[in-house]
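Below: the structure, in structure tokens.
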Amino acid sequence: MCGIVGIVGNSPVNQRIYDGLTVLQHRGQDAAGIMTCDGDEMFLRKDSGLVKDVFQQRHMLQLRGHVGIGHVRYPTAGCDAAAEAQPFYVNAPYGIGIAHNGNLINAAELAEALWRDERRHLNTSSDSEVLLNIFASELQRRGATHVTADEIFSALTNVFSRVRGGYAVVALIIGHGMVGFRDPNGIRPLVLGRCVKPQGIEWMLASESVALDLAGFELVRDVDPGEAIYVDLSGEMHSARCAPLMKHTPCVFEYVYFARPDSIIDNISVHKARMRMGDKLAAKIKRLRPVLDIDVVIPIPDTSRTSAMQLALALGVEYREGFVKNRYIGRTFIMPGQEERQKSVRSKLNAIPLEFRDRNVLLVDDSIVRGTTSAQIIELAREAGARKVYFASAAPPVRFPNVYGIDMAAVTELVAAGRTEEQVAKAIGADWLIYQDLEDLVSAVRHDKARVESFDTSCFSGHYVTGDVTAEYLQNLATERSDAAKARKREVLAVPEPIPSRPRVVRSV
């Protein structure tokens with residue numbers, strides 16, 4: 001899962017892209033990058049680290065131009081080298097930069113075809129670079145000196161036919177403008193914003209609407225599944241459907257965990273969806289434990305707060321904040337390995353004994369994935385004096401790998417895989433554990449005005465909406481992207497990024 005931003009403006013876009021990335025920082029804390037375009041030159045700054053650390057004043061001053069894209073990375077493939085930070089860039093044709101959120105299922109076979117049939121060399125193992133070169137190759141087939149909107153859409157029609165998986169993309173084409181597109185199932189989010197100024201209309205694409213809000217853009221709509229958006233340098237916006245109409249199935253985990261509560265994705269308020277999750281979970285608790293012995297409901301900050309507050313209200317139980325969070329520690333789930341996650345939990349959270357001492361506590365979290373965080377938090381609650389520790393998950397058990405861009409690649413690392421709820425409770429040390437039912441989760445997220453009938457629930461159900469995920473693929477994914485694989489990759493020294501063959505076109509700053 002990553003965050004992407006793109007702007008075509010009437011004034012310099014560097015600061016607005018930076019600001020957009022800061023509010024999307026929750027989507028990726030491993031690396032960040034910004035690419036801008038001024039005339040026939042591109043300017044690029046990317047590195048490992050948080051947005052505030054990657055970009056200093058000297059970098060911002062050199063990111064010139066009224067058009068640009070940005071990216072924050074969360075390493076689903078365990079890529080830690082700065083060279084694998086995005087945006088990626090390729091010279092031919094025109095000069096193209098790309099920022100990508102998601103995962104391509106057929107990246108390996110596409111990479112082989114690029115080398116064998118199209119003589120394109122890849123510098124990294126990233127599927128984002130594969131996607132960039134597929135797009136570049138399809139554009140190059142058109143052979144035009146100055147590419148038109150129709151030619152871009154024609155190229156993307158072929159891109160959609162070749163690539164499989166979940167993806168949202170923003171791209172820059174030197175001397176032409178910005179392109180954005182979304183996978184045919186709409187698994188990964190992408191929203192379109194507009195800002196009307198005296199100088200003309202400005203356009204913005206982003207992973208979440210909250211990035212538009214900060215930059216002063218009005219949310220126009222979501223980019224449709226299989227749709228492409230092209231904004232030329234004059235500010236004219238073109239759009240076209242470039243893939244056959246598929247069933248719209250956005251990722252339900254966006255609403256459970258990844259997205260900010262103040263975002264609206266596919267016309268669904270993340271905040272309201274989480275409120276409904278709390279209501280549904282409270283109703284299940286009432287069914288299973290009609291005699292409540294819960295003294296207090298305490299959320300595990302931050303994502304679960306909305307659900308926990310609504311759950312407490314529905315149960316008629318006191319809601320209290322029992323953990324103090326260190327704001328300078330990243331999100332535990334998206335840290336690149338188990339060792340890092342284990343080290344970070346106690347440095348991230350500290351219990352307030354007054355809220356736990358001699359009480360039966362119901363802890364509420366958005367989900368339980370590996371169980372690492374849950375087990376350590378339950379231990380913190382007991383050390384703070386809790387008499388009993390119950391645990392509620394606003395999401396169902398995560399029993400299956402995710403293949404569309406979320407770091408759940410190895411089924412052996414999922415605490416609920418092959419275990420009953422009672423066994424999971426024992427594994428994490430809870431006195432009682434309750435999960436949300438999948439039907440209730442879908443019902444909580446869906447509403448009539450969203451025009452979304454179903455969701456990608458693959459990590460809960462094992463049903464992959466693209467219909468092309470094989471057991472062999474899942475095994476290879478687990479081998480390549482498990483925590484053990486990531487640890488091995490981090491032992492390898494990063495290879496310096498190659499110098500582009502046309503240095504006048506792209507300048508690293």
Side-chain angles (χ1 to χ4, degrees), residues 2 4 76-77 86-144 147-173 176 178-188 190 223-230 238-249 403-405 456 464-470 472-474 476-477 480:
C2 301
I4 58 176
T76 54
Q86 296 185 42
F88 283 120
Y89 171 83
V90 69
N91 273 332
Y94 315 113
I96 303 173
I98 198 172
H100 163 227
N101 171 33
N103 182 59
L104 303 188
I105 295 171
N106 61 335
E109 60 187 77
L110 288 173
E112 182 179 351
L114 282 167
W115 170 250
R116 183 188 63 242
D117 303 329
E118 297 163 72
R119 297 297 186 263
R120 284 186 170 267
H121 174 74
L122 301 178
N123 296 308
T124 72
S125 60
S126 171
D127 62 337
S128 303
E129 191 186 11
V130 171
L131 183 54
L132 166 62
N133 278 272
I134 292 291
F135 180 37
S137 180
E138 292 297 339
L139 271 181
Q140 195 161 24
R141 292 179 197 276
R142 273 89 195 140
V147 71
T148 66
D150 287 341
E151 287 166 333
I152 290 173
F153 295 145
S154 175
L156 285 173
T157 298
N158 286 0
V159 171
F160 278 113
S161 71
R162 294 179 66 177
V163 304
R164 305 196 309 271
Y167 49 91
V169 172
V170 290
L172 282 185
I173 305 176
H176 293 82
M178 175 182 69
V179 178
F181 55 97
R182 189 180 183 192
D183 67 82
N185 292 95
I187 299 172
R188 300 270 68 89
L190 189 63
V223 176
D224 287 335
E227 182 187 19
I229 301 289
Y230 170 54
H238 314 260
S239 67
R241 174 172 294 281
C242 297
L245 185 64
M246 306 285 285
K247 193 170 185 179
H248 189 184
T249 52
V403 301
Y404 301 124
D456 168 53
Y464 297 96
V465 295
T466 54
D468 52 6
V469 178
T470 65
E472 181 183 8
Y473 175 80
L474 292 176
N476 290 338
L477 191 71
E480 295 171 1

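Atom set for the values below is all heavy atoms of this structure, side chains included, hydrogens, waters and symmetry mates excluded. Throughout, numbering of the chain's residues begins at 1 and tracks the sequence. All values derive from a computational prediction rather than experimental measurement.
In this structure a side-chain-to-backbone donor-acceptor pair under 3.5 Å is missing from Gln140 to Ser137. Here the side chain of Glu129 pairs no donor or acceptor atom with the backbone of Ser126 at under 3.5 angstrom. The backbone N or O of Trp115 lies less than 3.5 Å from no partner atom in the side chain of His121, so there is not a single donor-acceptor pair. Between the side chain of Gln86 and the main chain of His100, a donor-acceptor pair closer than 3.5 Å is present. Of the possible polar contacts, one joining the Arg182 side chain to the Arg188 backbone as a donor-acceptor pair under 3.5 Å is found. Between the side chain of Asn101 and the main chain of Val169, no donor-acceptor pair closer than 3.5 Å is present. Checked by atom type and distance alone, the side chain of Asp456 never pairs as donor or acceptor with a backbone atom of Thr249 at under 3.5 Å. Formation of a donor-acceptor pair under 3.5 Å by the Arg142 side chain with backbone atoms of Ser154 is found in this model.
Separating the CG atom in Asn133 from the CG atom in Leu122 is a distance of 5.0 Å, to the nearest 0.5 Å. Here the OG1-CZ distance, from Thr157 to Phe153, works out to 9.0 Å after rounding to the nearest 0.5 Å. If you take CZ on Arg241 and CG on Asp224, they are separated by 5.5 Å, rounding to the nearest 0.5 Å. In this structure, CZ on Arg164 lies 5.0 Å from CD on Glu109, to the nearest 0.5 angstrom. Between Tyr94 atom OH and Ile173 atom CD1 the span is 8.0 Å, to the nearest 0.5 Å. Considering OG1 of Thr148 and NE2 of His238, their distance stands at 9.0 Å, rounded to 0.5 Å.
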Full working for side chain to side chain contact (heavy atoms under 4.5 Å, CB included) between Asp127 and Leu110: CA-CA 9 Å; Asp127 62 337; Leu110 288 173; over 6 Å; no
Pair Tyr404-Tyr167, side chain to side chain contact (heavy atoms under 4.5 Å, CB included): steps then yes or no: CA-CA 8 Å; Tyr404 301 124; Tyr167 49 91; over 6 Å; no
Verdict with supporting geometry, Ile98 and Leu172, side chain to side chain contact (heavy atoms under 4.5 Å, CB included): CA-CA 6 Å; Ile98 198 172; Leu172 282 185; over 6 Å; no
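Only one option out of Ile187, Leu477, Leu104 pairs with Val403 in a side chain to side chain contact (heavy atoms under 4.5 Å, CB included); it is Leu477. Only one option out of Leu131, Ile105, Asp183 pairs with Val163 in a side chain to side chain contact (heavy atoms under 4.5 Å, CB included); it is Leu131.
Residues Ala168 and Ile4 share a closest heavy-atom pair of O-CD1, 3.5 Å. Of all non-hydrogen atoms in Leu156 and Ala228, the two that sit nearest each other are CD1-CB, 3.5 Å. Smallest separation of non-hydrogen atoms from Ala136 and Ala92: CB-O, 3.6 Å. For the pair Pro93 and Arg120, the tightest heavy-atom approach, listed with the atom from each and the gap, is CD-NH2, 4.1 Å. The minimum heavy-atom distance linking Ile229 with Glu227 is given by the pair CD1-OE2, 3.6 Å. For the residue pair Val130 and Leu114, the shortest heavy atom distance occurs at O-CD1, 3.8 Å.
Salt bridge annotation for Arg162-Glu118: present, with a cationic side-chain nitrogen under 4.0 angstrom from a carboxylate oxygen.
Inter-residue side-chain proximity for Leu474 and Tyr464 is flagged as met; some heavy-atom pair is nearer than 4.5 Å.
Asp468 and Thr466 share a donor-acceptor pair across their side chains, judged by distance under 3.5 Å alone.
Between Phe181 and Phe160, the ring centre distance stays below 6.0 Å.
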